[in-house]
Amino acid sequence: MDGNGRWAEGRGMRRIFGHREGVNSVRETTTECARMGVKSLTLYAFSVENWKRPRAEVRYLMRLLRRYLIDERPTLMENDVRLLGIGRLADIPEDALATLRETERLTSENRGMVLRLALSYGSRTELADASRRLAEDVLAGRLKSEEIDEETLRAYLYDPETPDPDLLIRTAGEMRLSNFLLWQISYSEFHVTDVCWPAFRREQLLEALRCYAARERRFGGLIQDDKPKGIEAERAS
Ligand code: IPE
Ligand code: MG
């Protein structure tokens, strides 16, 4: 979710107004995805690198997070959305973390869609944290090093249940990954839009999904013309 600051500055407003407006995009995107039957949505809300921002902006974002986690509970319940946090959650201020845990608890029975909020998240820290815990298990004799394969490593990620995303959407025109889900996006399709996050709404989401629907996904394999295309071929094989 990028471009909050630019969106606000382009309107002669301070950056924080972009963050505030971005919450409306989060609600609309989440609700639309849940209604369309998307099973998993992961939003990159705050990176490990974002702690380097001015203190006042970080404080505002953490307050906004807490407000969001309280105010959105009825909408999450209405749309059968389960909310989970992923990242170095211990870095989050205590009141926001407690609110996150409570929202996770309240929505834990919802089965429509899982909304993961990546908070104090970085893919490299995720892999380093996973490696450390994996090494501890090897040292303690709970795991043999020769048993380690891709699925073993996955089990040590912040949430092993996070499915590999089919589609990665990047707003505000940036052509980089910024340390997001590096392990999980190996075969994700990318969609980059110039639209800033606060202006990313239903219309832009549908456009991204239309683009995605036109992609041919081979996952490193080959698809012959008489075979079903894209993800259908994956399922058929
Ligand atoms: C994304 O918008 C919000 C967060 C990273 C929390 P930015 O704040 O990065 O907006 P720009 O990139 O400065 O426009
Ligand atoms: Mg940015």
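Atom set for the values below is all heavy atoms of this structure, side chains included, hydrogens, waters and symmetry mates excluded. We count ligands from 1, going down the list as the structure has it; atoms in each ligand are counted the same way.
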**Asked** For F190, does the CZ atom sit with more than 12 other heavy atoms under 6.0 Å from it, leaving out its own atoms?
**Response** yes
**Asked** Which ligand 1 atoms does M1 reach within 4.0 Å, using its non-hydrogen atoms?
**Response** 1 (C), 2 (O), 3 (C)
**Message:** Suppose we only count N/O/S atoms under 2.8 Å; would E174 qualify as near the Mg ion (ligand 2)?
**Reply:** no
**Prompt:** Can a non-hydrogen atom of E174 be found less than 4.0 Å from any atom of ligand 1?
**Reply:** no
**Asked** Can a donor-acceptor pair be found between the side chains of W51 and S120 at a distance below 3.5 Å?
**Response** yes
**Item:** R53 contact mode with ligand 1 (heavy-atom cut-off under 4.0 Å)
**Value:** side chain
**Fill in**
R6 heavy atoms within 4.0 Å reach ligand 1 at atoms 11 (P), 12 (O), 14 (O)
**Request:** May I ask you to say whether R170 pairs ionically with D2, meaning some side-chain N is under 4.0 Å from a carboxylate O?
**Result:** yes
**Prompt:** Using 4.0 Å as the upper bound for N to carboxylate O, is an ion pair formed by E49 and K52?
**Reply:** no
**A45, portion touching ligand 1 at heavy-atom distance under 4.0 Å** = backbone
**Message:** Which residue and atom name correspond to the protein heavy atom nearest atom 2 (O) of ligand 1, and how close is it?
**Reply:** N4 N, 3.1 Å
**Complete:** the Mg ion (ligand 2) has as its nearest N, O or S atom from D2 the atom OD1
**Item:** Same apolar cluster: W7 and Y44, side chain cutoff 4.5 Å
**Value:** no
**Item:** Side chain, backbone, both or neither: E9 near ligand 1, heavy atoms under 4.0 Å
**Value:** neither
**Request:** Among all protein heavy atoms, pick out the one at the shortest distance from atom 13 (O) of ligand 1; state its residue, atom name and that distance to 0.1 Å.
**Result:** R15 NH1, 2.9 Å
**Prompt:** Does A172 come within less than 4.0 Å of ligand 1, judged by its heavy atoms?
**Reply:** no
**Donor + acceptor pair across side chains of S40, R116 (<3.5 Å)** = yes
**Message:** Nearest 0.5 angstrom please: R59 CZ to L64 CG, how far?
**Reply:** 14.5 Å
**Prompt:** Hey, is K144 close enough to E146 for a salt bridge, meaning N to O under 4.0 Å?
**Reply:** no
**Request:** Quick one: look up the protein heavy atom nearest atom 10 (O) of ligand 1 and list residue, atom name and how far away it is.
**Result:** G5 N, 2.9 Å
